[in-house]
2 protein chains.
Amino acid sequence: MISSNKFSSNDRLLMAAIDLIAEKGYNGVSTREIAAAAGLSEKTLFRNFGSKQNLLETAFERFHYGETMKNLFNEKLVWDLETDLLLISRTYHDIMNRNRKMIQISLKDGAKLPGFREKTSKHPQQLKEVLTNYFKAMSEKGKLIETNSEMQALSFIWMNYGAFMNNLDADTTFPTVSLEEFILESVKIFARALTP
Amino acid sequence: MISSNKFSSNDRLLMAAIDLIAEKGYNGVSTREIAAAAGLSEKTLFRNFGSKQNLLETAFERFHYGETMKNLFNEKLVWDLETDLLLISRTYHDIMNRNRKMIQISLKDGAKLPGFREKTSKHPQQLKEVLTNYFKAMSEKGKLIETNSEMQALSFIWMNYGAFMNNLDADTTFPTVSLEEFILESVKIFARALTP
DNA sequence: TATGACTGTCAGTACTTACTGACATCATAT
DNA sequence: ATATGATGTCAGTAAGTACTGACAGTCATA
């Protein structure tokens, strides 16, 4: 049960909803279960949120981690391919892990939840733009081979997306050792492939 | 509705179940809906399959394509890195696309269905082994740099997994990009990175 | 002490769902 | 012509669901 003294009733309900729906799907969990997991009565749930659907939508608004990747990059890039790709990869996995449960919900019930998919795919799209532009800029500096920047960016993103997806249901809240290994090696691969 | 004259009643029920459950999830679709989509009565569904759960399990046994990658590779590899990676990539996407709906079901309701995950979403251990061994053999032939073959194989697999996952749902994150384009460019990247 | 915000209990509604039994229909094969 | 097998109709059960209303308890603050 979600600890009672630290959070408000509403937050406890929202967190319980996220946890359970991410695990069992929207139709796989009842409002009674959610209320019980929050240590509250079903009545309170409906009094405060009106409907199950609204509970989930509110939960998404409240807990979706929406910080943009754009700012991070513009400030921290040092224009060394391997260093920058490492930063990008780590930042990506960090954000994806924060939104892990939202992404699980989006995968299971995205069709039922208007706007869910768009928001969970916001980061990947931003990332693609940023990374494509980064590759182009590096290319102009002569630090990168000149080819298809967009497709290279996509390949890098999808590689990391695949890695993330593979660990999605492992339920490991903290980054695993193998993920770090993967990041190091995969960045090496791309750095070697794209260096002139 | 699934065409009536070409398939048996049971097959029509199984196909309807796969279609609807892949779209809406196990708990999101009723037996009445499934029967209607198959052009049959709900009674027939229960007469022939006993339960909704058994219907889905039977559907999986009937329509899940087993992994035949091992054989393909051993027969067709020509020990040219780019050529072989192209074959591997195309074979992978071919098999994944065949199992597309099973994978969707596995993602949405894998927790409820024993054995489902292992057979679909979790990457064919087979492919990883085959690719790792391929990299090692290429390395011994002097056609590949000597580094971490296992991580390189994982990176390549996850890159393709990410690409596949991105196209899984009708609502694609990067709709303008064709799969074939991606395969060509991504294989080039890896070929360049791993060539001595 | 009294007020108001918040929560719980309980009984209940209207609906859906998985699943069943009794009986009828219909085509095909012998 | 009749037996067989697969299917449909219909009525129904037991359980679960989201959600509500009436009423009472708790607790901090005015």
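Since we're looking at a predicted model, the values are computed, not measured. In what follows, every chain begins at residue 1, and chains take the letters A, B, ... in the order their sequences are listed.
Under the salt bridge (Lys or Arg N to Asp or Glu O under 4.0 Å) criterion, B:Arg98 pairs with B:Asp94, not counting sequence neighbours. A search for side-chain contact (heavy atoms from CB on, under 4.5 Å) contacts involving B:Lys52 returns B:Tyr26, B:Thr31, not counting sequence neighbours.
No donor-acceptor contact under 3.5 angstrom links the side chains of B:Asn148 and A:Glu181, judged on distance only.
Using a 4.0 Å cut-off on heavy atoms, the residues of residues 52-61 of chain B that approach DNA chain C are B:Lys52, listed by number.
Within the structure, every pair that satisfies the ring-ring contact (aromatic ring centres under 6.0 Å, His included) test and touches residues 50-69 of chain A, not counting sequence neighbours, is listed here: A:Phe60-A:His64, A:Phe60-A:Phe116. For residues 129-154 of chain B, the pairs satisfying ring-ring contact (aromatic ring centres under 6.0 Å, His included) are B:Trp79-B:Tyr134, with sequence neighbours left out. Each salt bridge (charged side-chain N to carboxylate O under 4.0 Å, His left out) pair with one or both residues in residues 31-45 of chain A, not counting sequence neighbours, appears once here: A:Lys24-A:Glu33. Residue pairs meeting the salt bridge (charged side-chain N to carboxylate O under 4.0 Å, His left out) criterion with at least one member in residues 134-161 of chain B, sequence neighbours excluded: B:Lys128-B:Glu150.
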Per-pair distances, 0.1 Å, donor-acceptor, side chain in residues 185-196 of chain B, under 3.5 Å, sequence neighbours excluded:
from: B:Ser186; atom 1: OG; to: B:Phe182; atom 2: O; distance (Å): 2.9
from: B:Ser186; atom 1: OG; to: B:Ile183; atom 2: O; distance (Å): 3.1
from: B:Arg192; atom 1: NH1; to: A:Ala193; atom 2: O; distance (Å): 2.7
from: B:Arg192; atom 1: NH1; to: A:Thr195; atom 2: O; distance (Å): 2.9
from: B:Thr195; atom 1: OG1; to: B:Ala191; atom 2: O; distance (Å): 2.5

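For A:Phe49 and C:dC6, the CZ to P distance is 12 Å, given to the nearest whole Å. Atom CG in B:Asn27 sits roughly 17 Å away from atom P in C:dT16 (whole-Å rounding). Here C:dT17 presents its P atom at 13 Å from CG of B:Leu20, a figure rounded to the nearest Å. Rounding to whole angstrom units, NZ of residue B:Lys24 and C1' of C:dT17 are separated by 14 Å.
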Margin query: For nucleotides 6-16 of chain D, give me one character per nucleotide, 5' to 3': B if any protein heavy atom sits under 4.0 Å from the base, S if the only such contacts are to the sugar-phosphate, - if neither.
Written below: -BBB-------
